[in-house]
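Here's the structure, in structure tokens; my notes come after.
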Amino acid sequence: MTSAALPSKSLRAASVCLVVAVLILIIAVLGMTIGAVTLSVGQVLDGIAGGKSAFIVMQYRAPRVIVSILAGASLGIAGTFLQGALRNPLASPDVVGITKWAGLGAFLAGLFTPPAWAVWAIPSGVIAGAVAGALVLLAIGRSFGGGIAALALVGVALGMLAQALMQYVMVLVPTRADQSMVWLAGSVYGSTMTDVVALSLWLIACLPFVLIATIRLDAGGFGDDTLTSLGISPGLLRGGLIVVSVLLCAGSVAAVGSMGFLGLLSPHAARLLVGPRARHMVPVSALIGALTLSAADMIGRLVALPNEIPAGIVAAVIGGPYLIFLLIKEAGRP
């Protein structure tokens, strides 16, 4: 690659980031107009500035939009790291089971702890479930040689197991099944400023690890033999990327539930727009994830007024066909 090509690619990445950021801003403002009381764009902007609509906008509408942006960005980055770790374009936190194990942990914590404990019990359950799923994934994958294909296949199997366990518990405790199903579908409904602060603090704590993982991500594209010859431990590199992905997933699942396909869509879209270089791809993946989740939430509220469809279902409607397209594309490769 020539030296002139580097500034050109950086300029393209900056341009894409700016365009996507503007789209996020537009979706955010439009999203805050929708609700039991419909507001105009002018009223939303006035509310943000502290006007008459400030209570509705800042206490109810803005937290929902901000959480969708933060969680979407987190899932987008998590998917990028996971695809880099497994060198598999079909890998994402939900496909390999990390999101489902985080959801299982939250589901069990919500079912078997008193409602008064939910504020800390569910986030703790999410983290415990995500970490447990990742540890089992790495342990079983290593027993099969630690190869990329082994990790991917074990992750899919573990995700199916977590889903089956959730369904079994729902049968045992049907009184809580309806509430749990809404959360497991993925939704930003009922988000508050407390959720915004909690998710923001979690992502800030993860930021140093995200920066380190971004620096190392490009090396993940090399084969294990090449990494070893360069003095890099393949297991340590890929394990580190998976751990950072788990941390990001845990924060997002605690805030919005088990949101599928964002970690699959965002890295692919970013790769198409700015190429595979990590320093360009990671921020674009974050912005596309934020845009996708905030748009999915807005669409879910628009198409079923006065009711709403959880954003996770809207994302699945988009992501399901895209996954099939990727499977067909991969199968067609020599």
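The first residue of the sequence shown is numbered 1, and numbering continues consecutively from there.
- Looking at every heavy atom in both residues, P208 comes nearest to A205 through CD-O, 3.4 Å.
- Side-chain atoms of M32 and I48, non-hydrogen and from C-beta on, do get closer than 4.5 Å to each other.
- The structure places CD of E308 at 10.5 Å from CG of L302, a figure rounded to the nearest 0.5 Å.
- Under a hydrophobic clustering in which Ile, Leu, Val, Met, Phe, Trp and Tyr are joined whenever their side-chain heavy atoms come within less than 4.5 Å, directly or via other members, Y168 and V136 fall into the same cluster.
- V41 and L39 fall within a single hydrophobic cluster, where Ile, Leu, Val, Met, Phe, Trp and Tyr are joined by side-chain heavy atoms under 4.5 Å apart, directly or via other members.
- Nearest heavy atom pair, residue V67 against residue A255, reads CG1-CB, 4.2 Å.
- To the nearest 0.5 Å, atom OG of residue S10 and atom CZ of residue R277 are 8.0 Å apart.
- Looking at heavy atoms from C-beta onward, I127 lies in side-chain contact with W202 at the 4.5 angstrom threshold.
- When all heavy atoms are compared, the tightest approach of S191 to R64 is CB-CA, 3.9 Å.
- I98 CD1 to S92 OG: the interatomic distance, rounded to the nearest 0.5 Å, is 9.0 Å.
- Residues H268 and I288 fail the side-chain proximity criterion, which asks for heavy atoms closer than 4.5 Å.
- Note: L25 CG to L30 CG = 9.5 Å, rounded to the nearest 0.5 Å.
- Of all heavy-atom pairs between V126 and A106, the closest is CG2-CB, 3.3 Å.
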With a cut-off of 3.5 Å and sequence neighbours excluded, list every side-chain donor-acceptor pair involving residues 76-86.
{"from": "T80", "atom 1": "OG1", "to": "G76", "atom 2": "O", "distance (Å)": "3.0"}
{"from": "T80", "atom 1": "OG1", "to": "S285", "atom 2": "OG", "distance (Å)": "3.0"}
{"from": "Q83", "atom 1": "OE1", "to": "R271", "atom 2": "NH2", "distance (Å)": "3.0"}
{"from": "Q83", "atom 1": "NE2", "to": "P89", "atom 2": "O", "distance (Å)": "3.4"}
{"from": "Q83", "atom 1": "NE2", "to": "A91", "atom 2": "O", "distance (Å)": "3.1"}

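- To the nearest 0.5 Å, atom CD1 of residue I66 and atom OG of residue S200 are 7.5 Å apart.
- Between the side chains of T192 and D195, at least one donor-acceptor pair of N or O atoms lies under 3.5 Å.
- H280 is listed as a side-chain neighbour of K9, based on a closest heavy-atom distance under 4.5 Å.
- At least one side-chain heavy atom of R61 sits under 4.5 Å from a side-chain heavy atom of I56.
- Other residues, nucleotides and ligands contribute at most 12 non-hydrogen atoms within 6.0 Å of the CZ atom of R216.
- With hydrogens and angles disregarded, a donor-acceptor distance shorter than 3.5 Å links the side chain of W101 to the backbone of L158.
- Put simply, CG on L293 and CG on L265 are 11.5 Å apart, with the number rounded to the nearest 0.5 Å.
- The closest side-chain heavy-atom distance from S187 to V256 is not below 4.5 Å.
- Linking Ile, Leu, Val, Met, Phe, Trp and Tyr residues whenever their side-chain heavy atoms come within less than 4.5 Å leaves V44 and Y60 in two separate clusters.
- Tracing side-chain contacts under 4.5 Å through hydrophobic residues (I, L, V, M, F, W, Y), one never reaches V197 starting from M58; they form parts of separate clusters.
- A pairwise comparison of heavy atoms in A102 and V253 identifies CB-CG1, 3.9 Å as the closest pair.
- Evaluation of the salt bridge (Lys or Arg N to Asp or Glu O under 4.0 Å) test over residues 41-50, restricted to residues two or more places apart or in two chains, returns none.
- Considering V246, L241, L248, I242 in turn, L248 is the only one that fulfils the side chain to side chain contact (heavy atoms under 4.5 Å, CB included) rule with V244.
- Considering only heavy atoms from C-beta on, M298 stays 4.5 Å or farther from S68 through its side chain.
- Across C249 and L75, no two heavy atoms sit closer than the pair SG-CD2, 4.3 Å.
- Considering only heavy atoms from C-beta on, C17 comes within 4.5 Å of V284 through its side chain.
- Side-chain N or O atoms of S266 include none that pairs as donor or acceptor with a backbone N or O of G263 at under 3.5 Å.
- Within a 6.0 Å sphere centred on CE of M193, other residues, nucleotides and ligands contribute more than 12 heavy atoms.
- Under the 4.5 Å side-chain contact rule for hydrophobic residues, V22 and V274 share a cluster.
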